[in-house]
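Everything on this sheet refers to the single structure shown next.
Side chains are part of it too, since the values below use all heavy atoms of this structure and drop only hydrogens, waters and symmetry mates. Below, chain A is the first sequence line, B the second, and so on; all start at residue 1.
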Number of protein chains: 2
Amino acid sequence: MATNLESRRIMTKVARMYHSRGMRQTEISSLLGISQARVSRLLSSAEEANIVRTVVVIPDGLHAELEESLEARFGLTQAHVVEALDDSDESGLNRDLGDAAATIFAALTLDEQTVGFTSWSASLRSLSATLESARQTGRVRVVELLGDVGPPRMQHEATRATQRLADQIGATALFLRAPGVVASPAIRDAIVEQDAHIREALDALDNLDIALVGIGTCEIHLPLVPGDNFFSEEQFALAKSLGAVGQVNLRFLDAEGKPVVSELDDLVLGVTLPQLRAARRRIGVAGGSSKFEAVRAAVRGAWVDTLITDLRTAERLLAE
Amino acid sequence: MATNLESRRIMTKVARMYHSRGMRQTEISSLLGISQARVSRLLSSAEEANIVRTVVVIPDGLHAELEESLEARFGLTQAHVVEALDDSDESGLNRDLGDAAATIFAALTLDEQTVGFTSWSASLRSLSATLESARQTGRVRVVELLGDVGPPRMQHEATRATQRLADQIGATALFLRAPGVVASPAIRDAIVEQDAHIREALDALDNLDIALVGIGTCEIHLPLVPGDNFFSEEQFALAKSLGAVGQVNLRFLDAEGKPVVSELDDLVLGVTLPQLRAARRRIGVAGGSSKFEAVRAAVRGAWVDTLITDLRTAERLLAE
DNA sequence: GCGGTCGTAGAATATATATACAGAAACCCA
DNA sequence: TGGGTTTCTGTATATATATTCTACGACCGC
């Protein structure tokens, strides 16, 4: 369907008759002198064109007790427990978490702030896809918290997600279009020296107001490939041998949530743990059984003050 | 459907599966082990419970040329032209206008302000019914711009509309629960003297930031009855004999939009024209052929700086 | 100007959803 | 405890909606 003015007009008209007035398609078709099939198609187009928006508002407090317990136990500002629609489906879970995170993020007042965004995180990309903000904000900057990881396809998705988030909240995007993991500190320095945009982004990390952080395991899972702008098997093994059970934006944490310091830190182009800690709000969005230990480390170390996770992970976190 | 926690949980779950994931009802029913009929019913309940919200966003600029012409011709800050779904239906038009006004109103930043609200206006009541604000605002007050008009039923509706608007934007409501039109200035003074709430509301009218004003004809139309907290036939005739073609919150205007001053002014409990003029934003929501002259008077006199009206009225306003 | 291709329309129909109905469970009050 | 009442459920089916299919007109390239 072309999206010119006239077709938008008729789509809107039909959509209002159908959704706002509650008329049946046959009524509309006879009133407008078109076929019912056309009305049906116009309605699909209107959804396509985002003229009709259907949102499912997840009522607060469906899991209020769990959330309060999490907040109390780990000193969180806010905990949100999301019910996964399908426990076996990892990507579905990420969407569910991202949707919930979008609602929570949209409720934050943004004004002259710097928002850190982990664009490689699946659930956070889902956040940016879901977010629908009608309101313009003040001078806000969105800065990527970590360079690229994985294949070129993921770089594109990351860029799009960041841009989209920035667009939605009327912010400026600061990209970190560089490898997230490099082979040596020297390469890292060379990259930083060469590119002013990257320096700008890295500078912005010193003054984060809100951070949307990614939480991950110490494993390599598809579509990530060892060494593809990413740590190798050996490097992960090294981190684990030092006690790491998870990582926050590729900064390793042990079971207690304490930083696992190593030479690996110098290979990462992204936010450091002290920079992260300085952010006023640190929002972690992660769930699923594989990430359990990592999530636990992140909350134990207070690397996030807002956690959005799934029911099962929430229960496991409290089960001890 | 009871709205306890468990039923809300299942409603939300099904609604997410259906609307966010795009699953069919039969899929969901087999997955959850319930009948398709139940899924259908749960989805209805979810809409009922406002867990599923469907909004039709009217794209900007469908009538951009008209709107720009209106703005230029009458010196308006903003003009919005709404396409009526059914030209013959007055109440439908009011809903259409109210919906549009809700969108526009929601886009305004509210912060420590006083919002004047004309609670007897059908289109503005429709605004308050439509408005869905997720965001909490600062210390905002909503004050009624006019006392009651018409029968007790309308008073209830007016109160509800005002309360609802206040709730939606997290504001305090100042009610003007007194007759909008009294028989004599003495009665008016007596009422004001007696009731502190009314004095508080009237005081607030001196400092309006945003006014949602009602525009009306010089006729009596149902459900209004002459003299029922309202002007009589004779009083309207008097106003008309002095040149009035319409009124803004029961303050009469002539064809040029100039105030028609008379003894009638002292019988009205509500915002005065000077008070109205002092408001930073004055939003008028009115349309339909019967109100044409009144709308024209209001824009000519610049009693509104934002006009939301229907296509036909817009064309007529520009036709001269 | 003549096929070819594309996009769009409506009629017919397949599919999906809502509802009427009837049975079962829960509830209430005597 | 037992009938009356209400509420909930699933089955069967009516109704509403989406899609298939075919036809028609617009827009090419030759």
Side-chain angles (χ1 to χ4, degrees), chain A residues 1-59 61-63 83 85-86 89 92 95-96 99, chain B residues 1-59 61-63 83 85-86 89 92 95-96 99:
Chain A
M1 161 73 63
T3 310
N4 59 32
L5 210 67
E6 186 47 35
S7 70
R8 289 170 75 83
R9 184 138 61 207
I10 182 72
M11 280 193 285
T12 309
K13 185 161 190 167
V14 168
R16 285 202 297 151
M17 293 170 105
Y18 187 78
H19 292 288
S20 306
R21 288 277 184 90
M23 297 168 72
R24 311 275 82 170
Q25 297 189 359
T26 43
E27 283 184 79
I28 299 171
S29 68
S30 66
L31 207 68
L32 300 185
I34 57 183
S35 67
Q36 175 268 321
R38 189 144 135 72
V39 173
S40 172
R41 283 190 274 251
L42 283 167
L43 287 168
S44 315
S45 316
E47 304 234 351
E48 192 90 13
N50 219 10
I51 288 170
V52 172
R53 299 180 194 181
T54 304
V55 293
V56 179
V57 179
I58 300 174
L62 282 188
H63 301 284
E83 200 160 335
L85 294 184
D86 180 358
D89 178 10
R95 277 197 45 191
D96 293 340
D99 287 357
Chain B
M1 163 72 64
T3 310
N4 59 33
L5 210 67
E6 187 47 36
S7 71
R8 290 170 74 83
R9 182 137 64 208
I10 182 73
M11 282 194 280
T12 310
K13 185 161 190 167
V14 168
R16 285 201 298 152
M17 293 171 106
Y18 187 78
H19 292 288
S20 307
R21 287 275 184 90
M23 296 168 72
R24 309 277 82 172
Q25 296 189 1
T26 44
E27 284 185 78
I28 299 171
S29 68
S30 65
L31 206 69
L32 301 185
I34 56 181
S35 69
Q36 175 268 321
R38 191 144 132 73
V39 173
S40 173
R41 284 190 274 250
L42 283 167
L43 287 168
S44 316
S45 316
E47 305 233 350
E48 191 91 11
N50 219 9
I51 289 170
V52 173
R53 299 180 194 183
T54 304
V55 293
V56 178
V57 179
I58 300 174
L62 282 187
H63 300 284
E83 202 161 338
L85 295 184
D86 180 356
D89 178 10
R95 279 197 43 191
D96 294 341
D99 287 358

Could you tell me whether a side-chain N or O of Ser20(A) sits under 3.5 Å from a main-chain N or O of Met17(A), the two making a donor and an acceptor?
no

Only counting residues at least two apart or in another chain, list the ones meeting side-chain contact (heavy atoms from CB on, under 4.5 Å) with Glu48(A).
none

Flag the pair Asp96(A) and Arg21(B) as a salt bridge only when some basic side-chain nitrogen lies within less than 4.0 angstrom of an acidic carboxylate oxygen.
yes

Where the side chain of Arg16(B) meets the backbone of Glu83(A), is there a donor-acceptor pair that is under 3.5 Å apart?
yes

Taking atom P of dT9(D) as reference, at what distance in whole Å does atom CD1 of Ile34(B) sit?
9 Å

Are Ser35(A) and dG10(C) close enough that a side-chain N or O sits under 4.0 Å from OP1 or OP2?
yes

Is there a side-chain contact between Ser40(A) and the phosphate of dT17(D), meaning an N or O under 4.0 Å from OP1 or OP2?
no

Please name the pair of heavy atoms, one in Ala46(B) and one in Met11(B), separated by the smallest distance, quoted to 0.1 Å.
N-SD, 3.5 Å

Distance in Å, Lys13(A) NZ paired with Ile51(A) CD1, rounded so as to fall on 0.5 Å steps:
14.0 Å

Tell me the interatomic distance from Arg38(A), atom CZ, to dT8(C), atom P, rounded to whole angstroms.
10 Å

Any donor-acceptor pair under 3.5 Å linking the side chain of Ser44(A) with the backbone of Ser40(A)?
yes

So does Ser35(A) get a backbone contact from the side chain of Arg38(A), meaning a donor-acceptor N/O pair under 3.5 Å?
no

Separation of dT17(D) C1' from Leu42(A) CG (nearest whole Å):
14 Å

Bend of the helix from dG1(C)-dC30(D) to dA30(C)-dT1(D) from end-axis comparison, five pairs per end, nearest 10°, comes to 30°

Given dG10(C), dT9(D), dT17(C), which nucleotide is nearest the side-chain atoms of Tyr18(B)?
dT17(C)

Does any donor-acceptor pair link the side chain of Gln36(A) with the base of dA18(D) at a separation under 3.5 Å?
yes

Please work out which residues in residues 21-32 of chain A have a non-hydrogen atom less than 4.0 Å from an atom of DNA chain C and list them by number.
none

Report yes or no: does Arg53(A) contribute a side-chain atom to a donor-acceptor pair with the main-chain N or O of Asn50(A) at less than 3.5 Å?
yes

Quick one: which protein N/O atoms are closer than 3.5 Å to N/O atoms of nucleotides 20-26 of chain D? Pair and distance per line, please.
residue: dT20(D); atom: O4; partner: Arg41(A); partner atom: NH1; Å: 3.4

Partner residues of Arg24(A) under the salt bridge (charged side-chain N to carboxylate O under 4.0 Å, His left out) criterion, sequence neighbours left out
none

Residues two or more places apart in sequence or in another chain: which of them pass side-chain contact (heavy atoms from CB on, under 4.5 Å) with Leu62(B)?
Leu5(A), Arg8(A), Arg9(A), Thr12(A), Ile58(B), Pro59(B)

